[in-house]
Amino acid sequence: MAPRKKFYVVWNGLATGVFDSWEECRLQVEGYPDAKYKSFDSQEAAVAAYRGNPEEQLDLLKSIATHRPEVTNYDAFPEIRQDALAVDAACSKNPGPVEYQGVWVRTGERIFHAGPFEGGTNNIGEYLALVHGLALLKQQGRPNVPIYTDSKTARAWVRNRAPKTSLVPSAKNAELFKMLGRATEWLRANAVTNPILTWDTPQWGEIPADFGRK
């Protein structure tokens, strides 16, 4: 199935308006002070947002920027370990710009975020997120805190101590491959003690670290 096409509204950037690709949007906002932009699932929604009241959308952006999304009532699912870290990634194309984050399950607080990095894949992002979480918890002296992921691929790559990606290295994704190398070196030099748990999306909804762009 082809990925769903996104449309991007730029309210504050080098140029403003509606753009039909992330590449065009990025050119307007990358490095621009206080850039304001947002993606939409349809051209109609993007145009309506651009022509409507931008303050409503910008207020939404401001709430997202706090990194404290609305928290699902996980008390309804006693099997969920709430004192845990959840990790996930988002990639607008395959390959394309990829970013990842870690979120505390109980509070929804974002613990770390990295990217976007050019020329990546969702699998690579989820792998990096999982290793980042493992390294952070080890650094903090928390060897028993669980980490949730909804990626079977990331779990397999961590288990095998190496990513098995068909992505071809290039000048565009050189930084991403450096990160992959560092992540793999860390895995081979450190024992994994934190339980890596599977997030049951059909039962519990999207993982807390989901970027909400589906």
Side-chain angles (χ1 to χ4, degrees), residues 1-8 10 13-14 19-32 35 37-39 67 85-103 110-139 147-194 196-199 201 206-207 209-214:
M1 181 182 296
R4 181 185 300 172
K5 183 174 178 59
K6 295 279 189 178
F7 295 85
Y8 302 84
V10 176
L14 188 64
F19 301 86
D20 64 2
S21 73
W22 165 245
E23 287 77 12
E24 289 183 298
C25 175
R26 181 176 60 82
L27 291 174
Q28 315 312 320
V29 301
E30 191 172 69
Y32 193 91
Y37 59 101
K38 187 175 184 289
S39 66
H67 310 320
L85 185 67
V87 298
D88 201 11
C91 189
S92 60
K93 292 185 178 180
N94 190 29
V98 62
E99 58 187 311
Y100 66 80
Q101 63 183 357
V103 171
R110 178 189 273 180
I111 305 302
F112 61 81
H113 172 264
F117 304 102
E118 291 294 331
T121 66
N122 202 60
N123 284 339
I124 288 176
E126 291 175 329
Y127 170 70
L128 290 174
L130 186 51
V131 178
H132 190 141
L134 290 167
L136 178 64
L137 292 173
K138 183 178 182 67
Q139 183 184 47
I147 301 182
Y148 278 108
T149 177
D150 59 8
S151 171
K152 293 181 180 179
T153 298
R155 293 187 66 177
W157 289 1
V158 166
R159 184 171 58 250
N160 296 328
R161 299 295 196 272
K164 188 178 181 181
T165 177
S166 59
L167 185 66
V168 178
S170 67
K172 179 179 288 189
N173 60 28
E175 179 61 28
L176 199 60
F177 269 88
K178 288 180 183 178
M179 294 176 65
L180 277 175
R182 290 195 295 266
T184 302
E185 287 177 7
W186 186 92
L187 278 176
R188 292 173 177 173
N190 293 272
V192 174
T193 60
N194 299 87
I196 300 175
L197 308 178
T198 298
W199 185 263
T201 302
E206 295 295 344
I207 192 168
D210 182 70
F211 281 83
R213 299 175 187 169
K214 295 181 175 64

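Throughout, residue positions are numbered sequentially from 1 according to the sequence presented. Because the structure is predicted, anything quoted here is derived from the model rather than measured.
Remark: Glu24 engages no residue in a salt bridge (Lys or Arg N to Asp or Glu O under 4.0 Å) (not counting sequence neighbours). Scored by the side chain to side chain contact (heavy atoms under 4.5 Å, CB included) test, Leu14 finds Gln28, Tyr32 as partners (sequence neighbours excluded). Applying the ring pair (Phe, Tyr, Trp, His ring centres under 6.0 Å) criterion to Tyr8, with sequence neighbours excluded, gives Trp22. Annotation: salt bridge (Lys or Arg N to Asp or Glu O under 4.0 Å) contacts of Arg182 (sequence neighbours excluded): Glu175. For Ala129, the side chain to side chain contact (heavy atoms under 4.5 Å, CB included) test picks out Val87, Tyr100, with sequence neighbours left out.
Rounded to the nearest 0.5 Å, atoms CG (Leu130) and CG (Leu85) are 9.0 Å apart. Here Lys138 contributes atom NZ and Asn194 contributes atom CG; the two are 9.0 Å apart, rounded to the nearest 0.5 Å. Here the straight-line distance linking atom SG of Cys25 with atom CD of Glu30 works out to 10.5 Å at 0.5 Å rounding. One finds the CG atom of Asp88 at 6.5 Å from the OG1 atom of Thr149 (value rounded to the nearest 0.5 Å). Interatomic distance, Leu137 CG to Gln139 CD, rounded to the nearest 0.5 Å: 10.0 Å. Remark: Asn123 CG to Lys152 NZ distance equals 12.5 Å, nearest 0.5 Å.
Taking every heavy atom of both residues into account, Gln101 and Ala209 meet most closely at NE2-O, 2.7 Å. Cys91 and Gly96 make their closest contact through SG-O, 3.6 Å (heavy atoms, listed as atom of the first residue, atom of the second, distance). Across all non-hydrogen atoms, the minimal contact from Gly120 to Leu176 is CA-CD2, 3.2 Å. For the residue pair Ala183 and Leu128, the shortest heavy atom distance occurs at CB-CD2, 3.9 Å. Between Leu167 and Gly119, the shortest heavy-atom distance links the atoms CD2-O, 3.2 Å. Smallest separation of non-hydrogen atoms from Ala89 and Gly125: CB-C, 3.4 Å.
Checking side-chain atoms of Arg155 against main-chain N and O of Ile196 turns up a donor-acceptor pair under 3.5 Å.
Counting only heavy atoms from C-beta outward, the side chains of Arg159 and Val192 never approach each other to under 4.5 Å. Residues Pro95 and Asn173 are not in side-chain contact: their nearest non-hydrogen atoms beyond the backbone lie 4.5 Å or more apart. Between Ile124 and Val98 there is no side-chain heavy-atom pair separated by less than 4.5 Å. With a 4.5 Å cut-off on side-chain heavy atoms, Thr184 and Arg161 do not count as touching. Leu134 has its side chain within reach of Val158: a pair of non-hydrogen atoms, C-beta onward, lies under 4.5 Å apart. Counting heavy atoms from C-beta outward, Phe211 and His113 have side chains that approach closer than 4.5 Å.
Residue pairs meeting the ring pair (Phe, Tyr, Trp, His ring centres under 6.0 Å) criterion with at least one partner in residues 151-179, sequence neighbours excluded, are Tyr127-Trp157.
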